[in-house]
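What follows is a short report on a single structure.
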Amino acid sequence: MSIETLAIIFTAISIGAFSKGVVGLGLPMIAIPILAGFIGVEHAVVVMTIPVAVSNVVIVWSYRRHAEIVPGLWLALGCAAAGAVLGAYGLMALDERVLLWIMTFWLAVYLVHRAVKPEFRLAGRAVHIASPILATAAGIAQGATGMSAPVIATWIHSYRLQAETYVFGVSALFLAVSSAHLVAVAGFGLFDQERLLQGLLALIPVVVFVRLGMRMTRLISAKLFDRLIIGLIVVMEGKLVWQLIEGA
């Protein structure tokens with residue numbers, strides 16, 4: 001692998017890790033497509049399972065004081081993990097394209113609703129009803145398609161939490177589902193010596209730039225933070241639409 005290729009891969013991982021540190025999202029979304037262009041999709045996904053899991057551990061541990069602030073978090077974590085098992089178990093029966101359509105529709109509805117009612121906030125009794133349902137849906141989406149961000153990002157965003165609490169909330173849920181993914185990847189024997197080494201090397205830029213991103217979170221305004229989240233949701237919607245077009 002040439003120096004130029006390594007520089008591109010390092011930059012992609014660093015940018016994704018920085019985004020993860022700032023808003024709790026973006027590491028696999030940014031890094032995996034670029035890595036896949038050089039080493040293939042499966043190879044990229046397997047290599048990134050380690051740094052993705054560790055990035056969530058770093059954030060959850062650093063922001064653990066926010067655990068009691070996120071509404072319904074503990075039940076949600078259990079439901080997300082159970083949903084991931086259901087999604088993985090039903091992988092052969094579930095139609096991935098149908099799930100992609102559902103997530104695309106979900107993001108579109110959320111963005112339109114946010115535009116029409118920008119002050120909307122999920123709170124009170126609605127949290128206790130919606131939280132376990134959405135957590136289970138996120139787990140199923142992760143287990144069946146490898147993507148839970150469209151559900152988690154919008155759901156936690158609807159709580160209108162302070163920036164660091166939001167980053168903690170999404171990272172805690174990602175940790176619940178990504179841990180199951182890491183165990184599955186290892187259990188299926190997808191790690192060979194090369195992939196394991198590459199995953200461990202990727203930890204260097206990930207840990208450094210996640211930490212830098214977390215410092216940036218404290219410096220940006222609540223308004224800018226909100227716009228960054230909406231921007232990433234729009235990017236996710238575009239990615240899903242592109243996947244549906246490519247598969248048509």
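Model, not experiment: these values are computed from the prediction.
- For the atom pair NE2 (H157) and OG1 (T154), the distance works out to 9.5 Å, reported to the nearest 0.5 Å.
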In sequence, state the C-alpha distance, the side-chain angles, and the governing distance for R65 and E164, and then conclude on salt bridge (Lys or Arg N to Asp or Glu O under 4.0 Å).
CA-CA 10 Å; R65 66 187 182 278; E164 289 183 359; 3.0 Å; yes
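- Not less than 6.0 angstrom separates the ring centroid of Y110 from the ring centroid of H113.
- A heavy-atom distance below 4.5 Å is found between the side chains of S171 and K20.
- Residues R121 and Y159 have side chains not in contact (no heavy-atom distance under 4.5 Å, counting atoms from C-beta outward).
- One hydrophobic cluster holds both V206 and M29 under the rule that ILVMFWY side chains link at heavy-atom gaps under 4.5 Å.
- A heavy-atom distance below 4.5 Å is not found between the side chains of F174 and S55.
- Side-chain atoms of I8 and F38, non-hydrogen and from C-beta on, do get closer than 4.5 Å to each other.
- Side-chain atoms of L228 and V22, non-hydrogen and from C-beta on, do get closer than 4.5 Å to each other.
- Side-chain atoms of T49 come within 3.5 Å of backbone atoms of V46 as a donor-acceptor pair (strictly under, hydrogens ignored).
- Rounded to the nearest 0.5 angstrom, R64 CZ and F168 CZ are separated by 10.0 Å.
- Here the side chains of L73 and S131 are not in contact, with every heavy-atom distance at 4.5 Å or above.
- Inter-residue side-chain proximity for V177 and L173 is flagged as unmet; no heavy-atom pair is nearer than 4.5 Å.
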